[in-house]
Amino acid sequence: MRNEFMKKLIKIVIPIAFQQLMLSLVSVSDAIMLGRLSQNSLAAVSLASQVSFVENLFLAAMTIGFSIFGAQYWGKKDKEAFAQIFAYVMKVTISIAFLFFLAAACIPQRLMQIFTNDRILLKGGAIYLRVVSSAYLLTGISQIYLCMLKNSGRSSKSSVISSASVFINIILNAVFIFGFIGFPQMGIAGAALATVIARFIEVLWCIFETAKGDCIKLPLQNVGGNNRAFYKNFWKYTNPVLANEIIWGIGFTMYSVIMGHLGTDAVAANSIANIVKNLAACFCLGIGSGGSIIIGNELGAGDLETAKVYGRKLCHASIVSGVISGILILLLMPVVLVTIELSPEAEYYLKWMLVMCAYYMIGKSVNSTVIAGIFCAGGDSRFGLFCDSAVMWCMVVPVGFIAAFLWDLPVLVVYFILSLDEMLKLPAVYKHFQKYKWVNDLTQKEGVL
């Protein structure tokens with residue numbers, strides 16, 4: 001069983017982890033290139049990207065909801081049901097993505113006012129949002145296509161498409177931001193335009209790929225949905241995920257709001273720390289996403305005992321991954337401090353923020369694997385909602401606001417408080433895992449397709 005687990009882990013997790021790495025490299029390239037222009041350009045785009053972050057919360061809920069049922073039906077070898085789920089989730093996701101497109105295109109200034117009151121950052125962020133707005137719609141489409149490929153045994157192809165798109169994005173970043181090969185220097189707007197073009201190519205590639213051979217096609221006749229019993233069941237398990245993503249995401253966005261009102265040095269340092277943290281977390285997120293598929297396949301096939309064993313192995317892998325990711329952050333620290341041009345105060349903040357990110361990665365790795373991966377694979381999606389609500393909104397966010405605005409504590413003390421959330425969850429996550437409430441074959445429940 002060990003060899004079989006390792007084969008599945010390598011086949012599914014490695015491509016997804018590589019895909020996560022490539023996505024993180026876009027943020028790295030933005031930070032390096034915009035940081036070369038000015039610290040304000042870097043800070044403005046970092047705050048404007050919070051809109052994309054919020055959209056990604058909805059997209060994450062849709063992809064997790066898709067994976068909850070998609071992985072199980074694929075394990076059950078029911079391709080027709082899988083295709084119907086694909087069609088329904090695509091319809092919902094496009095509707096959500098279209099709203100973000102409208103908001104970024106029509107009211108970018110108002111969106112930026114949520115995160116900062118600095119005039120320079122407001123202006124730069126609004127420019128970025130207006131240009132990048134159409135990418136929000138394209139991202140919604142491509143993410144569901146890529147999720148479908150992952151859940152139907154084509155993780156490697158999904159990784160190739162996403163990684164190629166990232167590579168194109170990085171190249172176009174340099175061309176448009178600095179004005180290479182005859183293009184005008186566009187700065188912030190250039191970074192946004194590069195993202196739009198890359199997402200457009202990604203969508204076209206996904207459509208072309210799914211048109212080939214025996215790949216699952218998007219059944220347009222089912223996009224409207226005609227199985228009310230199933231869709232009610234779908235939302236029964238997806239709504240807690242969506243609520244959890246929103247509650248966690250708004251809480252995490254509050255971190256940016258708090259840091260955004262502590263000065264541009266704090267904003268710049270926090271944005272770089274987040275990029276490095278996301279870069280180091282790639283394999284952790286790959287285990288969570290890939291682990292969900294592995295567990296879901298076993299549950300859908302009716303092999304519940306194997307799912308339990310795989311769940312325990314994934315937990316062990318997540319701990320190792322978190323430790324390695326933390327060490328990686330510490331190793332990257334000297335390179336980051338030399339590469340990014342920051343003020344002396346911002347550089348000081350960044351150094352100690354990265355130290356705190358190192359231990360944060362252990363909790364992040366375990367929680368993303370267990371809560372978003374293992375638990376959701378079996379439909380146990382409510383635990384994450386209750387856990388994040390309690391930790392973020394009853395503890396970390398209130399104390400963070402008080403520390404920053406009432407007690408006026410130093411920036412690094414505030415950041416330390418805001419970095420406690422993942423570690424505080426661990427005891428409750430471990431206890432809940434051992435109850436095995438996540439071991440469910442959802443294809444056997446009422447409302448199946």
- Message: If you apply the rule side chain to side chain contact (heavy atoms under 4.5 Å, CB included), what do you find for M333 with V336, and how did you get there?
- Response: CA-CA 5 Å; M333 185 194 305; V336 172; 5.8 Å; no
- Query: Under the side chain to side chain contact (heavy atoms under 4.5 Å, CB included) criterion, do S381 and F375 qualify, and how do the steps go?
  - Reply: CA-CA 6 Å; S381 54; F375 290 170; over 6 Å; no
- Show the numbers, then the answer: is there a side chain to side chain contact (heavy atoms under 4.5 Å, CB included) between I287 and L314? CA-CA 7 Å; I287 292 178; L314 284 168; 4.0 Å; yes
- Tell me, with the steps shown, if I141 and T93 meet side chain to side chain contact (heavy atoms under 4.5 Å, CB included). CA-CA 7 Å; I141 298 171; T93 303; over 6 Å; no
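Across all their heavy atoms, A126 and Q109 have their closest contact at CB-OE1, 3.5 Å. Minimum interatomic distance between A281 and M361 (heavy atoms only, all atoms of both residues): CB-CE, 3.3 Å. Scanning both residues, W438 and G311, for their nearest heavy atoms gives CH2-CA, 4.2 Å. Minimum interatomic distance between A273 and M353 (heavy atoms only, all atoms of both residues): CB-CB, 4.0 Å. Scanning all heavy atoms of the two residues, the minimum distance from A48 to Y136 falls at O-OH, 4.3 Å. I417 and A403 get closest at one heavy-atom pair: CD1-CB, 3.6 Å.
With Y436 as the aromatic partner, K308 meets the cation-pi criteria of under 6.0 angstrom to the ring centre and within 45 degrees of the ring axis. Judged by a 6.0 Å distance limit and a 45° cone about the ring axis, K277 is positioned over the six-membered ring of Y360.
R154 is listed as a side-chain neighbour of E209, based on a closest heavy-atom distance under 4.5 Å. At a threshold of 4.5 Å between non-hydrogen side-chain atoms, the residues W74 and N151 do not count as touching. With contacts defined as side-chain heavy-atom distances shorter than 4.5 Å, the pair H432/D380 qualifies. Residues I201 and S165 are not in side-chain contact: their nearest non-hydrogen atoms beyond the backbone lie 4.5 Å or more apart. Side-chain contact between V414 and L262 is present, with heavy atoms from C-beta onward closer than 4.5 Å. Between F86 and C147 there is no side-chain heavy-atom pair separated by less than 4.5 Å. In this structure the side chain of N440 never reaches within 4.5 angstrom of the side chain of L299, judged on heavy atoms. Between I64 and T238, the closest side-chain pair of non-hydrogen atoms is not below 4.5 Å.
Checked against the 6.0 Å centroid threshold, F100 and F58 count as a close aromatic pair. Proximity of the aromatic rings of F416 and W352 is defined here by a centroid distance below 6.0 angstrom, and this criterion is not met. You'll find the ring centres of F101 and F98 inside the 6.0 Å limit.
Rounded to the nearest 0.5 angstrom, C376 SG and N244 CG are separated by 7.5 Å. Expressed to the nearest 0.5 Å, how far NZ of K77 lies from CZ of F82 amounts to 13.0 Å. Note that CD1 of I272 and CG of L350 are 6.5 Å apart. Values are rounded to the nearest 0.5 Å. One distance of note links CG of L146 with CH2 of W205; it measures 10.5 Å at 0.5 Å rounding. To the nearest 0.5 Å, atom CG of residue L149 and atom SG of residue C206 are 6.0 Å apart. From I161, atom CD1 reaches atom CG of L204 across 11.0 Å, with rounding to the nearest 0.5 Å.
S49 places a side-chain N or O within 3.5 Å of a backbone atom of V45 that can act as its donor or acceptor partner. Although no hydrogens or angles enter the test, the distance criterion places a donor-acceptor pair under 3.5 Å between the side chain of N297 and the main chain of A71. Not a single donor-acceptor pair under 3.5 Å links the side chain of S133 to the backbone N or O of A104. At distances below 3.5 Å, not a single donor-acceptor pair connects side-chain atoms of S292 with backbone N or O atoms of G288. Side-chain atoms of T369 come within 3.5 Å of backbone N or O of S365 as a donor-acceptor pair. When atom types are taken as modelled, the side chain of D78 and the backbone of A81 share a donor-acceptor pair closer than 3.5 angstrom. When atom types are taken as modelled, the side chain of T63 and the backbone of A60 share a donor-acceptor pair closer than 3.5 angstrom. Between the side chain of S321 and the backbone N or O of A317, no donor-acceptor pair lies under 3.5 Å. T210 contributes a side-chain N or O that, together with a main-chain N or O of I207, makes up a donor-acceptor pair within less than 3.5 Å. One N or O on the side chain of N367 and one on the backbone of G363 form a donor-acceptor pair closer than 3.5 Å.
Under the 3.5 Å distance criterion, with hydrogens and angles disregarded, a donor-acceptor pair is assigned to the side chains of Y430 and Q434. Counted by atom type alone, E202 and S142 present one or more donor-acceptor pairs between their side chains at under 3.5 Å.
Heavy-atom contacts from other residues, nucleotides or ligands closer than 6.0 Å to CZ of R312 number more than 12. Annotation for F401: atom CZ counts as buried by contact number, over 12 foreign heavy atoms lying within 6.0 Å.
Ring planes of F69 and F234: tilted class, angle from 30 to 60°.
Ionic pairing of K425 and D388 is present here: one or more N-O contacts between side-chain nitrogen and carboxylate oxygen are shorter than 4.0 angstrom.
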